[in-house]
Each structure stands twice: as C-alpha cells, then as structure tokens.
Amino acid sequence: MSEFPKLFIPGPTHVSDEILNVLSTPQIGHRTPEISELIQIINKGVQNVLYTKNHIYLASHAATGLWEMGTKNSVKKGVLHCTNGAFSSKWFLSSKLNNFNCTTIDYEWGRAINIKDVDKTLSTGKYDVFAMVHNETSTGVMNDLYEISHIMKTKYPDIIWLVDAVSSMAGVKIEVDKLGIDFILSSTQKAWGLPAGFSICSVSNKMIEKSKTLSNKGYFLDIQVYEKYYAKLQTPTTPSIPHMFGLKKILEIIEEEGLENRWKRHKRMSEKTIGWATNHGQELFPEEGKHSFTLTCLKNIRNWDINKINDMLLNKGFRMDRGYGSLKGKVFRIPHMGNIYMDDLDEYLNLIDEILCQLKY
Ligand code: PLP
C-alpha cells in the first residue's frame, strides 16, 4: 500500500503513476524554442478539448486567480452572478471585494440556475457581464450551458459570459464556440487529473477587445499582457513547467481515448455511482436532472457513520469525501473524473460495500 491514500475526493483528484513520472521531466528554459513548441502543442490540444479557436492562456496559479482575470478584463457597468454553492458564492465575494457593481441571483444549495431569473435580471440593462459556475463542486449540481447559451446569443450578444468549469472541463463536453462562451476557466487538479496550482482558460476576441477599453486591471491578470506573450507562444511569467509536461501527457491520453469516449465514460461513471447509491437507499443531493457527470453528491439519508467509513477506507488506502463547506457532515461526494476509470470506481464502491457489510448496514 502506498504511503499516501488514493484520493477519492473531488479535487485534488488521483494522479496516476504514469503522469507523476512525466512531472519529473528535466526543466527547460521559459524563453526558448522548446517551451514554445510545448505551448503550441498544449494550446492546440486544449482548443480541441473545448471545441474552440479562442486563445488559450496557461496560468501557474490556482483557478481562483482566473475568476479575477475574468472580471477585471470585462466588467464596466456591472456583473451578474448566480450563486448555488460554495464556489459560486466565493466568486461573487471576489467581485464584491474588487468593488465591482455586482449582484447575485442566489439559489438554495442543490438547486440549479433558472434561466428565467437570469433573463429577467439581465433585461434590466444594468450588467455587461454574467458570471456563473458550470459544475458546482460543493453540491454536485451541473448547470445547463446550452439553455443559457440560447438566451445569451439571442437576447444579450453584447454581454460578456464568464464560466467557471473547474470541475467539468476535460470531463464534460463543452463546445465553447458553439455556445458562445467568452471566458471559460479551469484548474488542473480536477478532471484534467494533474496536481493543483495550475489553471487554464480560453478567451474570445470579444473579451480581448473589451479588455482593451478597461483600466485598473493591474499587471498580473491583464489580458493585454497575456496577449503579448500568447503571440510569442510564451507565458508572461516563469510557468510551472512540470504542469506543462503533465498537460501534454494528459492531452495525449485524451486523444487516445477519443473525446466522445471520454465524455461517455464520465457519464457512465456518474450513472454507475447514482445506481449504486440509490440501490443502497441513499438520495442524490442536486435537484432532479441537474446532477454533475464528474462527481456525485449524496444526501446521507441512511445515516451511515461517514467518519467511521472514512477511517476504514483510510486503513485500506483510500481517502473519501465527507462534504464541503456548510454541507460538511450532511452529504458525501464521490468523484469520478480525471484518472479515475470505471475499474477504479468499481474497486472503490466494492470497498465501501465491504465496509457497509462489516458495519452491518
Ligand atoms: N471553482 C470550483 C467549481 C471549484 O471546485 C474550485 C475548487 O475546488 C475552485 C473554483 C477553486 O479552484 P482553485 O483551488 O484552483 O483556485
């Protein structure tokens, strides 16, 4: 058994040995032809995963920083947020602390965004930016991007649309150009299956042009600075080169699996987990039809002793999730993304079954 338990938490997710090995590739200079070649491969690969021609930026920090890249480079009049969990609430907080004119449509945790509310608030004309989280990792709710895209395109084509896809990008099909998403961001420790501390976004021309008209963006997160280095196939600051080698490897793995197969695999793992949980008499936390494909969030209505199960899983070399934020202790989440394949999931669910038997549930 490894010194550290295998992670079955929704981020950081399990990183396979194959990828861990790649992370120790010798370093290369960050202003060399070698890095430009690497960045070119990554940019093409990420564009492919996101079905987009938009520019891809690689950032050597957590995705939280990209929330602020998104808002600082787009908000002039005001930003509308939707909040239905811990991460969407934090993004809204970030906008408040940045002193943007901002408001939120706040939903009970577990509920999804209702498009009629978004339409009503945007129709006031007070907001030039709409910011939302696609997959609320804290509640396991996945919002419907296609439904939202329809009103954004037909009624609000000038509004900049920002999407946090931290726990869905590379695990769920997101057709950025077809949807018309101006800015979509993710970090690498979820469905990308890499360590944390690195993030990725795609940026539309509309957003790049809007950014030019804004001041007070600072330096670090200014899209105009990123653009200058994007043109040279470099990054503005010294990047985390191990992450870049890791990303190249993951993109090869994705290509080998095939995009459609990858999306189907994540859906199948979600169906498997929901089936397993409902057979055990547990209930899904998200509202019906709005559950995530990359993690399953369950209400512990059977009152299993989650702490005891966690201890027993740790003894077997696995770390489980016991809920996030205000849901801690009320729900538990089963991730199925990144380097977790059906066999890994089966192994994990079988282990929980064994433990449930031992505990006589
Ligand atoms: N957004 C969502 C939906 C998340 O799940 C997380 C982290 O779990 C974040 C944002 C923050 O990501 P990071 O820790 O990379 O800043």
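Counting starts at 1 for both ligands and their atoms, in listed order. Each residue takes its place number in the sequence, starting with 1.
- A donor and an acceptor atom, one from each side chain of K190 and T294, are nowhere located under 3.5 Å apart.
- Residue-environment remark: NZ (K6) exceeds the threshold of 12 foreign heavy atoms within 6.0 Å.
- Using a 4.0 Å cut-off between heavy atoms, E136 makes no contact with ligand 1 at all.
- Ion pair D182/K206 flagged as a salt bridge, since at least one NZ, NE, NH1 or NH2 atom sits closer than 4.0 Å to an Asp/Glu carboxylate oxygen.
- For the pair L66 and ligand 1, no heavy-atom separation below 4.0 Å is found.
- Taking atom 2 (C) of ligand 1 as the reference point, the nearest protein heavy-atom neighbour is F87 CG, 3.4 Å.
- Nearest non-hydrogen protein atom to atom 1 (N) of ligand 1 is D164 OD2, 2.7 Å.
- At under 3.5 Å, a nitrogen or oxygen of S187, whether backbone or side chain, sits near a nitrogen or oxygen of ligand 1.
- Of the listed options H61, H134, K190, K190 places a heavy atom closest to atom 8 (O) of ligand 1.
- By the 4.0 Å N-to-carboxylate-O rule, D321 lies close enough to R333 to be salt-bridged with it.
- For atom 5 (O) of ligand 1, the closest heavy atom belonging to the protein is T137 OG1, 2.5 Å.
- If you number the atoms of ligand 1 from 1 as listed, the ones under 4.0 Å from a heavy atom of A62 come out as 13 (P), 15 (O), 16 (O).
- With a heavy-atom cut-off of 4.0 Å, Q189 touches ligand 1 through its side chain alone.
- Contact annotation for T64 and ligand 1: heavy atoms of both the backbone and the side chain come within less than 4.0 Å of the ligand.
- Residue contacts with ligand 1 for W67 involve side-chain atoms from C-beta outward but no N, CA, C or O (heavy atoms, distance under 4.0 Å).
- For Y226 and H55, the ring centers sit 6.0 Å or farther from each other.
- Relative orientation of the Y51 and W263 rings is tilted, given thresholds of 30° and 60° on the angle between their planes.
- Of the charged side-chain nitrogens involved, none lies within less than 4.0 Å of a carboxylate oxygen, so that E271 and K267 do not count as a salt-bridged pair.
- Side-chain atoms of Y348 and L313, non-hydrogen and from C-beta on, do get closer than 4.5 Å to each other.
- Of all the atoms in ligand 1, the ones that sit under 4.0 Å from a non-hydrogen atom of N135 are 3 (C).
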